[in-house]
Amino acid sequence: MNKSVFLGALTVAGLAAGAAAAATLDDIKARGNLNCGVNTGLVGFAAPDANGNWQGFDVAVCRAVAAAVLGDPQAVEFTPLTGKTRFTALASGEVDMLSRNTTWTLTRDVDLKNTFVGVNYYDGQGFIVPKELGVTSAKELAGATVCIQTGTTTELNLAEFFRVNNMDYEPVPIETNAEAQQQYLAGACDTYTTDASGLAATRASFENPGDHVILPEIISKEPLGPLVRHGDEEWSDIVRWTLNALIAAEELGVTSANVAEMASEPTNNPEINRMLGTEGNLGEMLGLDADWAVNAISAGGNYGELFEKHIGENTPIGLARGLNAQWTDGGLLYAPPFR
Amino acid sequence: MTALTEPPKESFRLSMLIYDTRYRSMTIQVVALIGFMLVAAWLINNTIVNLNALGKPVEFGFFTEPASYDINQKLIEYDNQDSHMRASFVGLLNTLLVAVLGCATATIVGVLVGVLRLSSNWLVSRIMAVYVEMFRNVPVLLWIVLAMAILIESLPRPSAFRGDEPDATMKVFDSVALTNRGVYIPEPLFTRSLGNIHLFGDSALRFDISIDLIVFLLILGGSIYAARRITAWANATQERTGERPRIWHINLAVLFLPTIALLAALGFHLGYPSLQGFNFQGGIHMRNSLIALWLALSLYTAAFIAEIVRGGILAISGGQTEAAAALGLRPRRITSLVVLPQALRVIIPPLISHYLNLTKNSSLAIAVGYMDITGTLGGITMNQTGRELECVLLLMLVYLTISLIISAVMNVYNNRVKLVER
Amino acid sequence: MSSTHGDTVRYVRDTMLPEQEPPVTSTGIIGWGRENLFRGPFNTVVTIVSLLFIYYVLAGVLPWVFQSVWFADSLGECREIATATWGESHGHACWAVIRERWLQLLFGFYPSELYWRPILAFVLLLVALAPVLFPWAPNKLLWVSAAYPFLMPWLMWGGTIWSPLLVAVGFAILILGTRYLSEMVGSLGAVILATLAAVVWWLFLVGPISSALSGALPIGLEAMESRDFGGFMLSILIGVVAIGCSLPIGIVLALGRQSDLLIVKSICVGFIEFIRGVPLITLLFVASTLLNIFMPPGTDFDIILRVMIMVTLFASAYMAEVIRGGLAALPKGQYEGADSLGLDYWQAQRLIIMPQALKISIPGIVSTFIGVFKDTTLVSIIGLLDPIGLTNAIRADAAWNGIYWELFAFIALLFFIFCFGMSRYSMYLERRLKTDHS
């Protein structure tokens with residue numbers, strides 16, 4: 001009897017605490033920094049440099065959100081997460097958002113109780129093979145030894161691809177991209193499969209990139225994007241619209257170089273004005289300052305600038321925009337209107 | 001619970017619960033039990049509240065869903081449409097496989113190194129000391145990763161075997177291929193096979209046992225038993241008459257003829273690996289991940305076992321050896337009849353704990369992609385289903401069971417060794 | 001006798017011959033070699049094979065280690081320099097990566113201007129351990145040992161100095177309360193009251209008082225987040241915290257396991273066997289995915305703290321077994337002696353049993369520490385950036401993508417130096433303790 005009363009009291013206390021924890025934005029403001037979960041190390045997307053500063057395309061999204069919320073792109077604490085720990089870290093509140101090349105799937109959205117706020121990179125799973133193998137299509141890979149990175153959707157896609165095409169294969173599961181690269185180069189597997197962006201980045205770092213080809217088949221859709229946990233719509237809106245602001249800024253020609261100038265007085269494009277806060281009160285609706293988007297864009301630049309800086313064609317990774325071009329250029333990036 | 005401390009009739013005072021030694025132990029135990037249960041209840045309650053808040057109630061339904069991932073090394077049949085439970089079972093067998101292989105190798109290497117460390121040859125004992133210190137003082141995870149890297153970097157890739165003048169050739173009369181994807185060795189095949197016994201129907205635990213293997217083992221066991229009986233008879237004759245009958249040729253025949261006859265009857269032949277397509281086909285494929293894990297775990301554990309063996313041998317006082325020598329025993333017999341039986345008693349208990357350690361360390365398989373139970377149940381399954389609590393609990397349960405079984409078996413053995421003591 | 005001898009023997013030597021040098025072949029380096037390397041044909045063969053083996057290993061490793069590139073900004077540059085200098089002969093180490101990243105491998109993301117803090121904490125650790133480790137250390141150092149558990153977290157995590165001070169005051173309350181209250185309410189009552197007082201102090205008073213004090217007198221260090229910890233600092237920190245905290249828990253568990261109280265005993269045995277029966281990695285999975293779920297909703301320990309908790313639990317089970325060994329090694333007479341002096345259980349433990357049992361256990365404790373220290377590398381599997389975790393992060397830097405052996409060689413070397421040093425020390429300690437007892 002006594003015990004059930006005690007447990008009941010604890011439960012009530014617990015529920016109260018749970019409800020209190022829901023206001024992520026207030027927590028972040030009180031704390032003074034954003035906790036962002038990133039990859040433990042993925043070339044171009046997230047890696048610490050020699051001074052311990054995290055760099056990369058995914059990292060830049062975190063910095064933009066921190067800039068939008070707190071006005072300071074450096075006010076981010078990065079938590080490196082593995083494929084295994086990422087969702088629990090988000091669910092338990094250890095990180096406020098996850099920007100860790102995570103594929104948006106129904107299970108992850110619904111069953112694992114996450115909210116994907118958008119897509120910052122449209123990817124797909126591909127194969128890389130050495131040229132000397134003479135393989136030109138993934139359909140010719142019957143009997144091949146395939147290196148895969150575990151902890152992702154890739155192993156499921158792979159199993160499905162080979163099953164559907166009635167082919168045998170030998171999977172070699174590997175924990176990290178760096179290990180996979182080593183095994184592939186040593187010839188311990190015939191082909192390495194992961195997201196095409198990862199393949200391009202991996203290939204770029206080879207001694208002789210020309211000796212390897214990425215096969216034309218893309219066997220899956222991998223929309224990678226930032227996500228937050230279920231249940232705090234205010235917070236998910238902020239992350240969603242920060243990402244949208246980065247994308248829209250590129251479309252509208254707002255860059256880190258001219259954003260301060262554009263924000264100083266209203267321009268003749270009302271959408272820019274609404275986004276940058278010189279017109280309307282979009283920032284207030286989000287619970288942020290009026291110059292939230294200005295901060296987000298000046299943190300590292302608009303989407304295009306971030307892309308060019310971290311993974312674009314002038315970096316060692318050398319990814320083309322492809323699907324990740326603006327819709328006006330035939331890509332899939334299409335930010336909803338700021339209105 | 002308080003009923004346990006109910007007072008015995010007349011002169012009971014409450015303070016007696018604390019000050020009377022008759023009741024004090026009871027009081028402490030009840031307090032401890034209540035405290036323990038409160039803590040447990042608190043933890044469980046927290047868990048339930050948290051999981052409800054996350055919308056993930058504890059349920060094991062996912063366990064029968066299709067796993068939809070592939071496992072390269074499987075001792076039993078498995079494909080990606082089988083359930084998560086089946087995948088876990090495959091992983092469990094892989095754990096046991098590497099644990100058994102590792103323990104056996106670690107023991108052999110450990111005993112060898114332990115004895116060689118006491119060698120009179122300075123160079124040999126130094127090399128062994130360097131080996132022991134090197135392996136003991138660097139984390140096993142690092143050794144596993146390094147072993148894998150060495151295998152991958154130093155062995156030729158399968159394509160090196162191709163062409164008219166290949167860079168690499170198969171070893172041992174063209175029967176063994178050492179590649180950086182693993183080692184391919186010939187497999188035993190039977191043209192007139194007796195088939196398989198199918199166990200556990202269609203459940204997730206189903207597996208096949210080859211009747212050929214069972215028959216082979218039965219006959220081999222029978223031969224060994226017969227040979228031992230013959231030896232015992234020879235010993236008895238020697239005791240009685242002082243003359244030992246010549247039996248080695250009989251023993252040899254008893255040991256080998258029946259099995260050879262059986263193999264011939266079953267149509268035994270070897271299936272050799274050969275390069276087809278991307279990989280070698282046929283033969284038994286021992287993957288790199290298995291070999292790396294096996295090597296690293298057994299060499300690492302062997303370094304500890306070597307120290308135990310050395311300590312055990314040194315613990316036998318010199319007088320024993322000298323007394324044995326005075327009895328006219330030759331050095332080898334001194335070791336096998338006097339030193340080892342006594343040293344074993346010192347060696348066995350720590351040896352058990354190192355077997356346990358090796359089994360537990362095999363969970364690091366995840367670092368080289370060997371699909372043991374941590375890689376399947378605690379790895380991909382946990383990852384894909386998002387059922388961390390259920391998976392981790394099951395995983396712990398499995399390891400706990402394995403550990404308890406090993407220590408139980410070894411304790412039985414330990415007690416038998418101990419009984420000999422006078 | 002001598003006369004008859006003189007008659008029968010023609011010649012008797014009456015002066016000693018000067019002692020001759022032993023033959024060249026049995027002294028000096030030749031003699032040593034004959035004795036230890038080339039005794040008999042079998043030994044000779046073994047020696048030659050060993051020499052060949054050593055030559056083969058060294059010939060493979062040494063050129064790689066010494067014909068190496070120290071100054072480069074990326075792996076590609078390393079390769080260019082190596083090819084330009086030595087041609088395409090064999091592998092060349094690219095130590096440039098270590099030169100660029102060694103501070104990160106040692107300290108993780110700790111800000112470089114604050115490196116003095118972990119270094120000082122490490123030096124103080126040695127000072128604090130000195131009374132235990134070295135018999136000649138002055139006893140006054142025990143004060144450092146007592147202060148260290150409060151000083152170390154303050155140095156590492158920073159923040160106001162008042163919190164650790166006030167936590168220490170709680171222990172003072174505990175000790176003084178036990179000592180002075182016992183005259184009023186009896187020893188058991190004193191313990192209970194003092195514990196209650198200390199718990200109330202810790203839970204409800206330390207927080208407000210410390211914030212009030214730091215408001216009035218802000219003395220403190222810059223606060224650090226534990227996610228900035230990484231590299232070897234993280235390994236050592238987890239190891240030290242785990243061993244430090246597991247010592248008291250281990251003592252309690254060992255006593256519980258030895259006790260006659262059935263329920264207490266079974267709880268302790270259950271805990272110890274459970275922890276020892278599962279691999280550390282599963283406990284780390286608990287730390288990374290489940291521990292927050294076990295805590296009241298809203299609790300958010302950061303991952304490093306959670307790992308420390310789980311590794312502490314892990315270490316305490318092993319520690320309990322080590323201490324149990326120490327207790328078992330104590331002669332029965334010591335227990336009986338304590339009883340005959342009229343000491344109660346806790347007095348006997350505190351004054352007679354524990355000091356001796358712990359002393360016997362020190363080598364075991366050191367080897368447990370070595371084991372835990374090595375096992376901290378497992379945290380890389382759950383994504384913490386310990387040295388091995390950092391190798392992945394470093395290789396994800398486009399400049400060093402593809403580098404391998406250099407990083408692992410460096411890490412292995414550091415681990416080896418640490419662990420080898422400690423195991424040598426533990427052996428020395430064992431010898432010293434042995435002579436004490438004979």
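For clarity, every value in this text was computed on a predicted model and none was experimentally measured. Side chains included, hydrogens not; waters and symmetry mates left out as well; all remaining heavy atoms used. Every chain is numbered from 1, with letters handed out A, B, ... down the list of sequences.
With a 4.5 angstrom heavy-atom cutoff, B/V138 touches chain C via backbone and side-chain atoms both. If you measure heavy-atom distances from C/I293 to chain B, the contacts under 4.5 Å come from both the backbone and the side chain. Looking at C/L280, neither its backbone nor its side chain comes within 4.5 Å of chain B, counting heavy atoms on both sides. Contacts of C/S380 with chain B are made by side-chain atoms alone, with heavy-atom separations under 4.5 Å and no backbone atom involved. Using a 4.5 Å cut-off between heavy atoms, B/V398 does not touch chain C at all. For a residue to count as touching a neighbouring chain, one of its non-hydrogen atoms must lie under 4.5 Å from one of that chain's; by this rule C/I411 touches chain B with backbone and side chain alike. In this structure, the portion of C/Y404 lying under 4.5 Å from any heavy atom of chain B is its side chain and not its backbone. Of the atoms belonging to B/L400, heavy atoms from both backbone and side chain fall under 4.5 Å from chain C. Both the backbone and the side chain of C/S50 come within contact range of chain B, judged by heavy atoms closer than 4.5 Å. The contact between B/I150 and chain C is made by backbone and side chain atoms together, counting heavy-atom distances below 4.5 Å.
Of the listed residues (B/R126, B/E388, B/E153), the one with the most heavy-atom contacts under 4.5 Å to chain C is B/E388. No other option in C/I370, C/D375, C/V264, C/I54 has as many heavy-atom pairs under 4.5 Å with chain B as C/I54. When B/P139, B/S353, B/S403 are compared by the number of non-hydrogen pairs under 4.5 Å with chain C, B/P139 comes out ahead. Counting heavy-atom pairs closer than 4.5 Å to chain B, the top-ranked of the candidates C/F373, C/W405, C/F418 is C/W405. With respect to chain C, the highest number of heavy-atom pairs below 4.5 Å among B/L397, B/T374, B/I48, B/I127 belongs to B/I127. The candidate from C/I417, C/L378, C/L413 with the greatest count of non-hydrogen atom pairs under 4.5 Å with chain B is C/L378.
Here the side chains of C/P279 and B/L395 are not in contact, with every heavy-atom distance at 4.5 Å or above. Side chains of C/F416 and B/R136 form no contact here, defined as non-hydrogen atoms less than 4.5 Å apart. Counting heavy atoms from C-beta outward, B/C391 and C/F285 have side chains that stay 4.5 Å or more apart. With a 4.5 Å cut-off on side-chain heavy atoms, B/L364 and C/I381 count as touching. For the pair C/I263 and B/F36, the minimum side-chain heavy-atom distance is 4.5 Å or more. Between C/F408 and B/V145, the closest side-chain pair of non-hydrogen atoms falls below 4.5 Å.
Rounding to the nearest 0.5 Å places CZ of C/R276 at 8.5 Å from CG of B/N357. Atom CH2 of B/W143 is separated from atom OG1 of C/T377 by 13.0 Å, given to the nearest 0.5 angstrom. Between B/M396 atom CE and C/T282 atom OG1 the span is 4.0 Å, to the nearest 0.5 Å. The distance from the CG atom of B/N50 to the CZ atom of C/F294 is 10.0 Å, given to the nearest 0.5 Å. Atom CG in B/L33 sits 12.0 Å away from atom CG in C/L261 (nearest 0.5 Å). If you take CG on B/L404 and CD on C/E273, they are separated by 7.5 Å, rounding to the nearest 0.5 Å.
Looking at every heavy atom in both residues, B/M382 comes nearest to C/T289 through CE-CG2, 4.4 Å. Summarising the geometry of B/S120 relative to C/N43, their closest heavy-atom pair is OG-ND2, 4.0 Å, with the distance given to 0.1 Å. In plain terms, the two heavy atoms of C/S423 and B/E133 that are nearest each other are OG-OE1, 4.2 Å. The shortest heavy-atom contact between B/Q29 and C/L262 is OE1-N, 3.1 Å.
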Please step through side chain to side chain contact (heavy atoms under 4.5 Å, CB included) for the pair B/L142 and C/K374, ending with a clear verdict.
CA-CA 10 Å; B/L142 213 53; C/K374 281 188 294 175; over 6 Å; no
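Within a 6.0 Å radius of OH in C/Y428, other residues, nucleotides and ligands contribute more than 12 heavy atoms.
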